[in-house]
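Before any comments, here is the structure.
Heads up: numbering here begins at 1 and tracks the sequence.
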Amino acid sequence: MKGVLSKMRGLPNAVAQLFKQQASLLLHSTAKIVGPLEEIPVTTAFIGRLEKGLKHQLDLHQSGVVSAPLSTDERAIVHRIKERTQRENRNNVTRTNAYWSCYQDHPELHWALLAHMVSRNGGWCMTDLRGELLPHLISNEMAQHLFAFLERANGLIFQDAYPQLLLYGESKKRKMSLFHLLPHMDISSWMVPVWSDFWTNQESAALTIALIVNEQNYIEQRIVKNKQIQQNVLNTPLFKTQAWLQLNQIGFPFFPASDQTHAPQPHLAGLILENFASLTERIEFGKSLYAILFGAPEVLQSVLRFAAATPHTGSRSDYWPHLFAQIRKTPPDMKYQERLDGSALKKGTQPFYSPKLTSVWPDRSLAPVEPGDWFTSVKEPLVHMRSIPVPIPYDLTKEVYFGLSKIELGIVAAQAIKKVIR
């Protein structure tokens, strides 16, 4: 036992250094926010109209009313949208790009930009599983399970939401509402009155929140309550401590107006999801991310510039090339040594390897989607349709740097323990 303790003597020093870094980060983490912060509004008039429309949808369902047969032209529209959705649903990169193209064509669709940025984060998490750090802490089998989980969630949401965005574009093109076609694309009846109202009133915030409610309910049974995913991912000790892996962080690159350092690398605006298993928490998390993106002008302006100038590759070098590189600089089997010093690399050390997504994860066909409509009651989902304040603080940068330091410490500790066991 004395020999074991002797060999692990260096670990307390590493822990002490980590907490010293954390204290330093906290001292400098409070930045002034310049510019107005706008509450994201949902009008009482919209809620009243939506409630009436939703009750009508449930009445139709309960009475067994069958929609009229589609015309040849309508069947062609549905077929084209399904075909395009399948084509763009190849991988995280194609999905992310599709969302951005949609937002460029229809900037009133706030959800498309939010989905684009969240999907970028999803891609970064996927490549982390094959990057410099996490392979030191997780097995290849666990990496496969985590990727399958991230990929299916990303793919399912796209499979459901993208046809809705395309149908809106087709409606604009034809200057007529086509939202009666939504049920023919297996879209929840929750969205029928939502889109019909948006067509008339153009309340972007209300549409965005309704889509957030829809997508989180859509994956509740198909992902969160899926027994195989629970067994392989969600109920594992590793996932329950996922803060170590940074899979629960969503960050949008931005340049604070108050930052006087003129740093070449952006900050990250965002939040940390505490409990993925909670439907309510996921919905409120998505709403808060939307409030940050569209309620803080400095974030929105930076994100739009970033999205326009930076093709999505899945590599974290997309936004932080001072820390990450798409080409591996060190042998993968080399003993790991800490490289991070606060927000920069130690002198003489190489950037963290963060590959392009397509170079480490081949495309996977989306398995058949479980049928069914989650919308069976008006009261529960309607609770989420309310105005959103902008969360403060929303600068996540220091927490992300600290999270990387924790991962490094975990790797060093794991190596020391492995050496002791030998």
Side-chain angles (χ1 to χ4, degrees), residues 42-43 45-89 98-99 102-103 105-106 108-112 115 156-219 222 369-382 384-385:
V42 176
T43 65
F46 168 80
I47 294 173
R49 295 192 303 268
L50 178 60
E51 185 173 14
K52 182 178 179 180
L54 292 173
K55 287 179 178 178
H56 178 64
Q57 286 296 312
L58 286 182
D59 288 343
L60 289 176
H61 178 72
Q62 291 169 359
S63 61
V65 173
V66 180
S67 57
L70 299 185
S71 66
T72 302
D73 185 42
E74 289 173 329
R75 284 198 300 273
I77 293 171
V78 171
H79 176 74
R80 281 198 305 272
I81 287 177
K82 287 184 175 181
E83 194 175 57
R84 183 172 174 185
T85 299
Q86 184 176 11
R87 187 168 64 248
E88 302 289 3
N89 204 3
Y99 286 139
C102 181
Y103 180 75
D105 292 339
H106 314 293
E108 67 271 27
L109 297 181
H110 293 182
W111 188 88
L156 280 182
I157 288 176
F158 186 87
Q159 177 85 4
D160 185 70
Y162 191 59
Q164 301 178 52
L165 307 181
L166 292 180
L167 189 61
Y168 173 73
E170 189 68 23
S171 296
K172 279 181 68 175
K173 178 181 174 182
R174 295 172 179 246
K175 296 184 169 63
M176 61 181 290
S177 170
L178 296 172
F179 302 113
H180 64 286
L181 299 180
L182 287 171
H184 297 276
M185 295 185 288
D186 302 315
I187 307 301
S188 172
S189 52
W190 160 268
M191 292 306 305
V192 175
V194 171
W195 278 109
S196 297
D197 191 89
F198 182 72
W199 180 251
T200 303
N201 297 292
Q202 293 286 292
E203 294 188 32
S204 295
L207 172 66
T208 304
I209 296 170
L211 279 164
I212 292 169
V213 170
N214 180 63
E215 301 316 325
Q216 291 307 318
N217 274 281
Y218 183 74
I219 68 167
R222 296 171 174 88
V369 180
E370 301 87 340
D373 188 347
W374 65 266
F375 176 61
T376 57
S377 167
V378 174
K379 184 178 179 180
E380 291 179 14
L382 203 61
H384 298 288
M385 300 303 301

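Inter-residue side-chain proximity for L181 and I187 is flagged as unmet; no heavy-atom pair is nearer than 4.5 Å. Between W195 and S171, every side-chain heavy-atom pair lies at or beyond the 4.5 Å cut-off. Considering only heavy atoms from C-beta on, Y218 stays 4.5 Å or farther from S188 through its side chain. In this structure the side chain of V194 never reaches within 4.5 angstrom of the side chain of F179, judged on heavy atoms. Counting only heavy atoms from C-beta outward, the side chains of W111 and E215 approach each other to under 4.5 Å. The side-chain heavy atoms of H56 and L60, taken from C-beta on, include a pair separated by under 4.5 Å. The shortest distance between side-chain heavy atoms of L207 and H110 does not fall below 4.5 Å. With contacts defined as side-chain heavy-atom distances shorter than 4.5 Å, the pair L58/F375 qualifies.
Closest non-hydrogen pair, P193 versus S189, comes out as CD-O, 3.3 Å. Of all non-hydrogen atoms in L50 and W190, the two that sit nearest each other are CD2-CH2, 4.2 Å. The shortest heavy-atom contact between M185 and K82 is CA-CE, 4.0 Å. Of all heavy-atom pairs between V213 and N217, the closest is O-ND2, 2.8 Å. Closest heavy-atom contact between M385 and I47: O-CD1, 3.0 Å. Residues E51 and V378 share a closest heavy-atom pair of CG-CG1, 4.1 Å.
From S377, atom OG reaches atom CG of L54 across 10.0 Å, with rounding to the nearest 0.5 Å. Separating the CD1 atom in I157 from the CD1 atom in I219 is a distance of 4.5 Å, to the nearest 0.5 Å. Rounding to the nearest 0.5 Å gives a distance of 8.5 Å between CD1 of I81 and CG of L182. Interatomic distance, E83 CD to L166 CG, rounded to the nearest 0.5 Å: 12.0 Å. With rounding to the nearest 0.5 Å, the separation of CG in D373 from CE in M191 is 11.5 Å.
In Q86, the CD atom is not crowded: 12 or fewer heavy atoms of neighbouring residues, nucleotides or ligands sit closer than 6.0 Å. By the 6.0 Å contact criterion, NE2 on H61 is open, its count of non-hydrogen atoms from other residues, nucleotides or ligands being 12 or less. Counting non-hydrogen atoms of neighbouring residues, nucleotides and ligands closer than 6.0 angstrom, the NZ atom of K172 exceeds 12 such neighbours.
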Show the numbers, then the answer: is there a side-chain contact (heavy atoms from CB on, under 4.5 Å) between R49 and E203? CA-CA 12 Å; R49 295 192 303 268; E203 294 188 32; 3.0 Å; yes
Where do D105 and Y168 land on the side-chain contact (heavy atoms from CB on, under 4.5 Å) test, with the steps shown first? CA-CA 11 Å; D105 292 339; Y168 173 73; over 6 Å; no
Evaluate E74 against H184 for side chain to side chain donor-acceptor pair (under 3.5 Å), listing each step before the verdict. CA-CA 10 Å; E74 289 173 329; H184 297 276; over 6 Å; no
Pair Q164-N214, side-chain contact (heavy atoms from CB on, under 4.5 Å): steps then yes or no: CA-CA 12 Å; Q164 301 178 52; N214 180 63; 3.7 Å; yes
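In summary, R222 and D160 do not engage in a salt bridge, as defined by a charged side-chain N under 4.0 Å from a carboxylate O.
Using a 30° and 60° split on the angle between ring planes, Y162 and F158 fall in the parallel class, below 30°.
A distance-only check finds no donor-acceptor pair linking the side chain of T85 to the backbone of Q159 [under 3.5 Å].
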